[in-house]
Amino acid sequence: MAEIVTRFPPSPTGHLHLGGARTALFNWLYAKHHKGKFVLRLEDTDRERSKEEYVVSILEALKWLGLDWDEGPYFQSQRFELYQQYAQRLFEEGKAYYCECPKEVLEEKKKKMLENGQKPRYDQTCRNKNLGPGEGRALRIKAPEFGEIVFEDLLRGKIVFPAEEVDDFVILRSDGTPTYQFAVVIDDITMGITHVIRGDDHISNTPKQLVIYKALGVEPPKFAHIPMVLGPDGAKLSKRHGAKSILEYKEAGFLPNALINYLARLGWGFGDQEYFSVKELIEKFDIKDVNLSPARFDPDKLLAVNAYWIKNSDNRFLLDHLKPFLSNKYNLDQFSEEYLLEAIETVKTRGKTLVELAEMMDFYLTEEVFYDVNGANKFFTPQIVPVLEKVCEDLKTLTLENKVLEDYFRNLAETYGFKLKDIAQAIRIALTGKTVSPGLFEIIRVLGREKTIYRIKKALAYIFENSF
RNA sequence: GCCCCCAUCGUCUAGUGGACUAGGAUACUGGCCUCUCACGCCAGAGACACGGGUUCGAAUCCCGUUGGGGGCGCCA
């Protein structure tokens, strides 16, 4: 079997968003699964709207997601000559013709047809004028006037369009640049694309492209039209929700593999399995298992998947991804990697994003903690003072192990007639400033003797200042 | 308006004619665990859009209706 080649052709007129990323993912997975090639191509034939900054951000987003490409990135804007050659050929073979209809006239006619309840289509005014190339003339393809245009979609089976649905559409604009329909086909042919996996908003473009393949006498690739991603409200993705740039999810503290996992499960399933590593996805993904109905983007579920991967990832992996969120606020060089890894271990079940983890780690990385006022008022009581003093003393020699610490604090509570909770909360605030934190014993263990005693003494000083 | 696609809990999905009292995940509710918050565990509520067929039998096949989505550019 010949090598499978897929492609992802974003248009640099905006950032890479969830929908695009999922299309890229499915193409990438399909290629990887079949040990084929994945080609990246930037469709920038619209020179007005295409922006360099979007090229940069799209590439960055793909890299961050780990969707590496085997070929490219190609830029359509650098391939104009190629398109012109093919167009020239079609013209010479009589399969395309030049059209001199002014835009205004075309629009007027279109409006009329729409008013009459007809589908707007070009009325072939110039089809038989035998015009040559010239100023202001666009090149149109001769589309079949009767019959059906049929193709076999990998997911949906046979899809049939009446030939009347396709008019003599423009393949070369009057300025000589190719239109999308034309450039896509020429690129897919010359890049050896075997499988086109794209959003189902392209279904109605397919018959047009098939007309070009036919005119060129080239066997078209296989098509698989995947359902689109909708917003949580069932409407088209908009800036409000999922149309945000993928890089914004990076900023928001999502793990790339979590986003991949979530995106893969949007429209695709493998029995009851919910969580997949990228490696597993490559093994198990088959385009044929993709659903046909559009899927809504659910931020809650994304969060849950992210939480799962945070919880189940190696601490070193987490540290790597956490660093950008920490280094802007703390000087990480002063801590050993060992210390950071242990700190991460204590917070990883407690946050859904890396941003949350970074916030939770604050007390590990900062010199002084600031007390939550309500918590301090409630738990920093004069009665607790002797307990804290005793703890400072005993901590000098206690073995810092969870079991030892737990036994110690339970005994302590009993001796002083406190509930463990009251002691724990007071020390928790002393060490973290907050009433909510990882388990007390693990905090003490990670923080170490010196810092723990220092912070409890600070707390004692605070109590004296505020209560006597 | 015309053409095309789609239809299982709120959401993502399993399900391909009998194993369905329709399974899992998420979100929600209650409980357990417990030094706080999480995690984890247990339980609860929650869906085959509707109407016709086909069949001994339909979530599964066919038709229609309704609903949703997409397209109809010298945008991609």
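Throughout, protein chains are lettered first and strands after them, A, B, ... in sequence-line order, and every chain is numbered starting at 1. Being a predicted model, the structure only gives us computed values, none of them experimental.
- Taking 4.0 Å as the cut-off between side-chain N and carboxylate O, A/E274 and A/K301 count as a salt-bridged pair.
- Salt bridge absent: A/K158 and A/D153 never bring a charged side-chain N and a carboxylate O closer than 4.0 Å.
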Discussion item. Generate the contact string for nucleotides 70-76 of chain B. Rules: B means base contact, S means sugar-phosphate contact only, - means no protein heavy atom under 4.0 Å.
Written reply: SBBSBBB
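- Distances shown here put every side-chain N or O of A/N291 at or beyond 4.0 Å from the OP1 or OP2 atom of B/rA7.
- At a threshold of 4.0 Å, the pair A/E356-A/K352 does not count as salt-bridged, since none of the basic side-chain nitrogens sits closer than that to a carboxylate oxygen.
- Going from the C1' atom of B/rA22 to that of B/rU16 covers 15 Å, rounded to whole Å.
- We find that CG of A/L318 is positioned 17 Å from P of B/rC39, with the value rounded to whole Å.
- A/N291 and A/W268 are not linked by any side-chain donor-acceptor pair at a separation below 3.5 angstrom, with hydrogens and angles left out of the test.
- Note: CZ (A/R428) to C1' (B/rU34) measures 11 Å, nearest angstrom.
- Atom pair A/Q425:CD and B/rC35:P shows a separation of 11 Å (rounding to whole Å applied).
- Remark: the separation of the C1' atoms in B/rC9 and B/rC20 is 15 Å, to the nearest Å.
- Counting any heavy atom pair closer than 4.0 Å across all strands shown, A/Y262 reaches no nucleic acid atom.
- In a base pair of the Watson-Crick type (N1 to N3 plus N6-O4 or O6-N4) or a G-U wobble (N1-O2 and O6-N3), with each distance short of 3.5 Å, B/rA7 is matched with B/rU66.
- A straight line from CG of A/N402 to C1' of B/rC35 spans 12 Å, rounded to a whole angstrom.
- More than 12 heavy atoms of other residues, nucleotides or ligands sit less than 6.0 Å from atom CG of A/D175.
- Across all strands shown, nothing is found opposite B/rU21 as a Watson-Crick or G-U wobble partner with both distances under 3.5 Å.
- The C1' atoms of B/rA14 and B/rG53 are separated by 28 Å, rounded to the nearest whole Å.
- The P atoms of B/rC50 and B/rC28 are separated by 28 Å, rounded to the nearest whole Å.
- Around the CD atom of A/E53, the shell of radius 6.0 Å holds more than 12 heavy atoms that belong to other residues, nucleotides or ligands.
- For the pair A/R445 and A/E401, the salt-bridge criterion is not met [side-chain N within less than 4.0 Å of a carboxylate O].
- Searching all strands for a Watson-Crick or G-U wobble partner of B/rG40 with both distances below 3.5 Å returns B/rC32.
- Across B/rU54 and B/rG64, the matching C1' atoms stand 15 Å from one another, rounded to whole Å.
- Taking atom CZ of A/R296 as the reference point, atom P of B/rU8 lies 10 Å away to the nearest angstrom.
- Nucleic acid contact class of A/G439 (heavy atoms, under 4.0 Å, all strands): base.
- The partner of B/rC72 is B/rG1, judged by Watson-Crick or G-U wobble contacts that both fall below 3.5 Å.
- Summarising the base pairing, B/rG46 is matched to no nucleotide, lacking a Watson-Crick or G-U wobble pair whose two defining distances lie under 3.5 Å.
- Atom pair A/D372:CG and B/rC37:P shows a separation of 14 Å (rounding to whole Å applied).
- A salt bridge links A/E406 with A/R410: at least one charged nitrogen is closer than 4.0 Å to a carboxylate oxygen.
- In plain terms, the two heavy atoms of A/L172 and A/A87 that are nearest each other are CD2-CB, 3.5 Å.
- Salt bridge present: A/D46 and A/R49 bring a charged side-chain N and a carboxylate O closer than 4.0 Å.
- B/rG10 and B/rA58: their P atoms are spaced 24 Å apart (whole Å).
- In terms of polar N and O atoms assigned as donor or acceptor, the side chain of A/R350 comes within less than 3.5 Å of the base of B/rC37 in a complementary pairing.
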Worksheet item: Reading nucleotides 20-29 of chain B 5' to 3', which nucleotides get B (base under 4.0 Å from a protein heavy atom), which S (sugar-phosphate only), which -?
Response: ---BBBSS--
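- Which of B/rC6, B/rU36, B/rU13 sits closest to the side chain of A/L292 comes down to B/rC6.
- Rounded to whole Å, the P atom of B/rA25 lies 9 Å from the corresponding atom of B/rC41.
- Rounded to an integer number of Å, the gap from A/I159 CD1 to B/rC6 C1' is 11 Å.
- Spacing of C1' atoms, B/rU55 relative to B/rC62, comes out at 12 Å, to the nearest Å.
- Taking both residues in full, the closest heavy atoms of A/V436 and A/R428 are given as N-CD, 4.0 Å, listed atom of the first, atom of the second, then distance.
- A/V160 comes within 4.0 angstrom of the backbone, heavy atoms only, and of no base.
- The NZ atom of A/K311 sits 17 Å away from the P atom of B/rC37 (whole-angstrom rounding).
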